[in-house]
Amino acid sequence: MPQAIAETVFDVFYLSFALIAGLTMLVKGKKPLVKKAGLMAVLLGAGDSFHLVPRCYALWTSGLESNAAALGIGKFITSITMTIFYLILYYIWRERYQVKGQKGLTAAMWILSVLRIALCLLPQNQWLVYRQPLLFGILRNIPFAIMGIIIIIIFAKEVKRANDRVFRFMPLAVALSFGFYLPVVLFSGIAPAVGILMIPKTLAYVWVVLMGWKLYKQV
């Protein structure tokens with residue numbers, strides 16, 4: 001019961017913040033860059049809700065294993081939406097720093113996105129079972145991790161060059177999100193307690209949304 005209460009309270013605040021902040025930026029934002037930040041936040045909140053709402057329901061009722069199918073479908077949807085999340089963040093980078101050209105980098109981000117989604121669609125992921133194969137958990141996250149590394153590098157380079165005080169911590173936030181997420185992918189099957197790292201991972205995403213909100217308030 002304490003876990004159900006704690007997770008539910010945390011998830012309600014997180015999802016409400018992401019969706020409200022995102023919709024506000026999307027609807028009221030006057031510049032395309034702000035609207036992209038809003039779309040990214042809405043996608044984050046909406047995508048995560050497909051996983052977190054069934055998880056809260058499972059914790060309050062018959063348990064996680066009994067709701068494996070709903071949790072798996074939610075995890076699958078979140079995997080897709082988070083891929084698109086980083087693709088949007090890439091275009092935010094391009095617009096924020098007026099990046100021209102870089103066709104190879106753009107192609108790489110699209111190829112990685114399509115590859116990640118294609119891997120998520122494979123039946124070998126066994127989304128509907130409680131304990132999913134570790135191999136495909138690793139495989140589908142390889143292109144995702146490469147996308148994250150690219151985002152970290154390109155933002156780190158430009159925020160320093162432009163002395164950007166709005167997005168100056170973006171590389172750190174993205175690095176932390178992956179730093180907390182990857183151990184869960186690798187070890188949660190044998191050490192369920194590692195799953196607690198999803199909380200700081202989520203807070204790293206909240207930090208990303210807050211940067212978008214700061215941009216919205218400045219424009």
Side-chain angles (χ1 to χ4, degrees), residues 1-60 64 70-71 73-93 95-96 144 147-148 151-152 155 159 164-185 195-219:
M1 185 63 70
Q3 181 183 0
I5 294 172
E7 284 201 30
T8 302
V9 170
F10 178 83
D11 291 343
V12 167
F13 277 104
Y14 159 59
L15 294 174
S16 298
F17 166 73
L19 290 171
I20 292 172
L23 287 170
T24 301
M25 289 187 282
L26 193 57
V27 173
K28 295 185 176 181
K30 296 180 180 179
K31 293 193 175 182
L33 186 61
V34 175
K35 289 187 177 293
K36 284 187 179 70
L39 177 60
M40 190 173 68
V42 169
L43 195 64
L44 175 69
D48 276 359
S49 68
F50 280 96
H51 175 64
L52 295 178
V53 172
R55 182 176 173 85
C56 289
Y57 173 82
L59 289 173
W60 283 98
L64 299 176
L71 291 170
I73 292 171
K75 189 176 178 182
F76 163 72
I77 294 172
T78 300
S79 298
I80 303 297
T81 56
M82 286 311 303
T83 306
I84 302 170
F85 175 94
Y86 278 104
L87 195 57
I88 296 172
L89 187 54
Y90 169 73
Y91 281 98
I92 287 175
W93 169 80
E95 186 172 341
R96 177 66 170 174
F144 188 53
M147 290 177 71
I151 291 293
I152 292 167
F155 264 98
V159 295
D164 188 351
R165 300 190 66 81
V166 175
F167 288 149
R168 61 176 173 165
F169 292 119
M170 185 66 77
L172 177 59
V174 174
L176 287 173
S177 70
F178 276 95
F180 291 123
Y181 173 64
L182 293 179
V184 176
V185 173
I196 195 71
L197 292 177
M198 294 299 282
I199 293 177
K201 183 222 62 163
T202 301
L203 292 175
Y205 284 124
V206 169
W207 196 6
V208 172
V209 175
L210 283 171
M211 290 182 221
W213 184 259
K214 186 176 180 181
L215 180 68
Y216 163 69
K217 299 299 288 185
Q218 282 189 352
V219 174

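In what follows, every heavy atom counts, from backbone to side chain, and hydrogens, waters and symmetry copies are set aside. These numbers were taken from a predicted model, which means no experiment stands behind them.
Two rings, from Tyr86 and Phe144, have their centers less than 6.0 Å apart.
In the displayed structure, Ile196 atom CD1 is contacted under 6.0 Å by at most 12 heavy atoms of other residues, nucleotides or ligands. In this structure, Phe178 places its CZ atom where more than 12 heavy-atom neighbours from other residues, nucleotides or ligands lie under 6.0 Å away. Counting non-hydrogen atoms of other residues, nucleotides and ligands closer than 6.0 Å to OH of Tyr57 gives a total of 12 or fewer.
Minimum heavy-atom separation, Ala173 to Ala204: O-CB, 3.5 Å. Across every non-hydrogen atom of Phe180 and Val184, the tightest pair is O-CG2, 3.5 Å. For the pair Leu19 and Gly45, the tightest heavy-atom approach, listed with the atom from each and the gap, is CD2-C, 3.9 Å. Closest of all the heavy-atom pairs between Gly29 and Val34 is CA-CG1, 3.7 Å. The two residues Leu43 and Phe85 make their nearest non-hydrogen contact at CD2-N, 3.7 Å. Contact between Pro54 and Leu71 at its shortest, heavy atoms only, is C-CD2, 3.8 Å.
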Audit row: Glu95, Tyr91, side chain to side chain contact (heavy atoms under 4.5 Å, CB included) steps and yes/no: CA-CA 6 Å; Glu95 186 172 341; Tyr91 281 98; over 6 Å; no
Side chain to side chain contact (heavy atoms under 4.5 Å, CB included) between Met170 and Ile152, worked out: CA-CA 8 Å; Met170 185 66 77; Ile152 292 167; over 6 Å; no
Stepwise side chain to side chain donor-acceptor pair (under 3.5 Å) check, Asp48 with Tyr205: CA-CA 11 Å; Asp48 276 359; Tyr205 284 124; over 6 Å; no
Candidate pair Leu44 and Val208, rule side chain to side chain contact (heavy atoms under 4.5 Å, CB included), full reasoning: CA-CA 10 Å; Leu44 175 69; Val208 172; over 6 Å; no
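From Tyr90, atom OH reaches atom CZ of Phe155 across 11.0 Å, with rounding to the nearest 0.5 Å. In this structure, CD1 in Ile5 is found 11.0 Å from CD in Gln3, a value given to the nearest 0.5 Å. Atoms CG and CE, from Leu39 and Met25 in turn, are 10.0 Å apart once rounded to the nearest 0.5 Å. Rounding to the nearest 0.5 Å gives a distance of 11.0 Å between NE2 of His51 and CG of Leu15. Between atom CG of residue Leu215 and atom CG of residue Asp164 there is a gap of 8.5 Å, rounded to the nearest 0.5 Å. If you take CG on Leu203 and CZ on Phe10, they are separated by 4.5 Å, rounding to the nearest 0.5 Å.
Inter-residue side-chain proximity for Trp93 and Ile151 is flagged as unmet; no heavy-atom pair is nearer than 4.5 Å. Looking at heavy atoms from C-beta onward, Thr8 lies out of side-chain contact with Leu59 at the 4.5 angstrom threshold. Between Thr202 and Leu52 the shortest side-chain heavy-atom distance does not fall below 4.5 Å. Using a 4.5 Å heavy-atom cutoff, the side chains of Arg96 and Leu33 are in contact.
A side-chain donor-acceptor contact under 3.5 Å links Lys35 to the backbone of Leu26. Remark: side-chain polar atoms of Thr81 are paired, donor with acceptor, to backbone N or O of Thr78 under 3.5 angstrom.
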